[in-house]
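Working notes for the structure below.
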Amino acid sequence: MKKEEIEEQEAAKQEEVKPEESKQEKIAARRKKMKIVFLRNLAGVLAIMWMCIIFAFSAQTKEESGAVSQSFTYQLVSNTRTFFNLDLSDARVKEIADAIEGFVRKAAHMTEFGILSVLIFIWIGQWEMSLLRHGLTASGAAAVYAASDEIHQLFVPGRAGRFSDVCIDSAGAVLGVVVFVVIVKLVTTIRSLKKKREERRLCEVKVQTESPQQVPQTEEAQED
């Protein structure tokens, strides 16, 4: 009999000997892979929807955008006063809100494009690439959209497109990817440590359960 035929027979025997658990593991792995693919494609859909939301905000006139920004900032300061039980009058709250409105607007823009870059980062994860290239691609795509968003504002009454805003939005995109990667790494590390700790505990339990059975055997051997 040829060597190849013998190897094929041995492989067939090994497949027959495989326990049912291995098949269940394959099914579970396949389902997990399908779930990951679904979530990544969902992130792509959400990224497109998020770009539409950013476009809608940029389509607001200066008066509309200013009213939304002032209302949000006032509510933010007012809720902070209530939460920390601060002794501030309504006039003082409005004064603080007016002072920090510009900062809140820039922080909101950075958050918008940080979320967009994270969604793109998750979506393009289905293609093989290094982590650095992965992050640069996601943040770069968000930065390109930030530039197009500023160009869009040039055609909106009262709005203006600024290169400084493109830089701020791009910084938010990069920061969003960095924060997301750090969080994922931390969660993965914590899960890995928990898994190792659980495996170590199971090994200790197994050793403790087996040791009483081995002790009488050694005593009998000593008596013989």
Side-chain angles (χ1 to χ4, degrees), residues 1-50 79-80 83-84 110-142 172-224:
M1 187 178 293
K2 294 181 179 180
K3 185 178 179 181
E4 295 179 355
E5 295 178 355
I6 295 174
E7 291 178 352
E8 289 178 0
Q9 290 179 0
E10 290 179 354
K13 289 180 181 178
Q14 289 177 359
E15 289 179 358
E16 293 176 357
V17 175
K18 283 182 180 179
E20 189 67 24
E21 294 181 358
S22 62
K23 294 182 180 179
Q24 294 178 356
E25 289 175 357
K26 287 182 179 180
I27 294 172
R30 193 180 299 112
R31 287 178 178 175
K32 184 179 179 180
K33 186 177 180 181
M34 291 175 63
K35 183 179 179 180
I36 292 173
V37 171
F38 171 77
L39 291 175
R40 284 172 175 168
N41 289 327
L42 178 62
V45 174
L46 292 176
I48 295 173
M49 293 175 63
W50 191 247
N79 292 335
T80 303
F83 183 80
F84 291 102
M110 291 183 70
T111 304
E112 283 179 353
F113 286 92
I115 293 172
L116 178 60
S117 64
V118 169
L119 291 173
I120 296 173
F121 183 88
I122 297 172
W123 175 50
I124 64 177
Q126 55 191 312
W127 291 288
E128 292 292 335
M129 62 180 73
S130 64
L131 180 61
L132 179 60
R133 186 179 178 186
H134 192 176
L136 290 175
T137 302
S139 56
V174 174
L175 184 62
V177 170
V178 171
V179 171
F180 180 75
V181 170
V182 170
I183 292 174
V184 170
K185 292 289 186 183
L186 285 175
V187 171
T188 304
T189 303
I190 292 171
R191 286 182 176 178
S192 178
L193 291 174
K194 285 183 178 181
K195 186 177 179 180
K196 289 180 180 179
R197 193 180 299 115
E198 184 65 20
E199 289 176 352
R200 192 182 301 113
R201 188 184 67 82
L202 291 174
C203 289
E204 291 175 355
V205 172
K206 186 177 179 180
V207 170
Q208 291 175 0
T209 54
E210 289 179 352
S211 56
Q213 298 176 358
Q214 295 176 356
V215 170
Q217 293 177 1
T218 54
E219 290 178 354
E220 291 177 1
Q222 290 176 357
E223 291 176 0
D224 293 340

**OP:** Please test Met49 against Val45 for side chain to side chain contact (heavy atoms under 4.5 Å, CB included), starting from the C-alpha separation and ending with a verdict.
**Re:** CA-CA 6 Å; Met49 293 175 63; Val45 174; 4.2 Å; yes
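- Thr111 OG1 to Leu175 CG: the interatomic distance, rounded to the nearest 0.5 Å, is 9.0 Å.
- Distance check, rounded to the nearest 0.5 Å: CH2 of Trp50 to CG of Leu119 gives 8.5 Å.
- Contact detail for Ser139 and Val174: the closest heavy-atom pair is CB-CG2, 3.9 Å.
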Which atom pairs, donor and acceptor, lie under 3.5 Å between side-chain atoms of residues 189-204 and protein residues at least two apart or in another chain?
residue, atom, partner, partner atom, Å
Thr189, OG1, Lys185, O, 2.8
Glu198, OE2, Arg201, NH2, 2.6

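- Shown here for Ala173 and Ser117, the closest heavy-atom pair between the two residues is O-OG, 2.8 Å.
- The CZ atom of Phe38 sits 15.5 Å away from the CZ atom of Arg31 when rounded to the nearest 0.5 Å.
- Heavy-atom minimum distance, Ala47 versus Ile120: CB-CG1, 4.2 Å.
- When every heavy atom of Arg40 is checked against every heavy atom of Gln126, the shortest pair comes out as NH1-CA, 3.6 Å.
- With Trp123 contributing its side chain and Ala138 its backbone, the two residues share no donor-acceptor pair below 3.5 Å.
- Closest of all the heavy-atom pairs between Val177 and Val118 is N-CG2, 4.2 Å.
- Of all non-hydrogen atoms in His134 and Phe121, the two that sit nearest each other are NE2-O, 2.6 Å.
- Note that CG of Asn41 and CG of Leu46 are 11.0 Å apart. Values are rounded to the nearest 0.5 Å.
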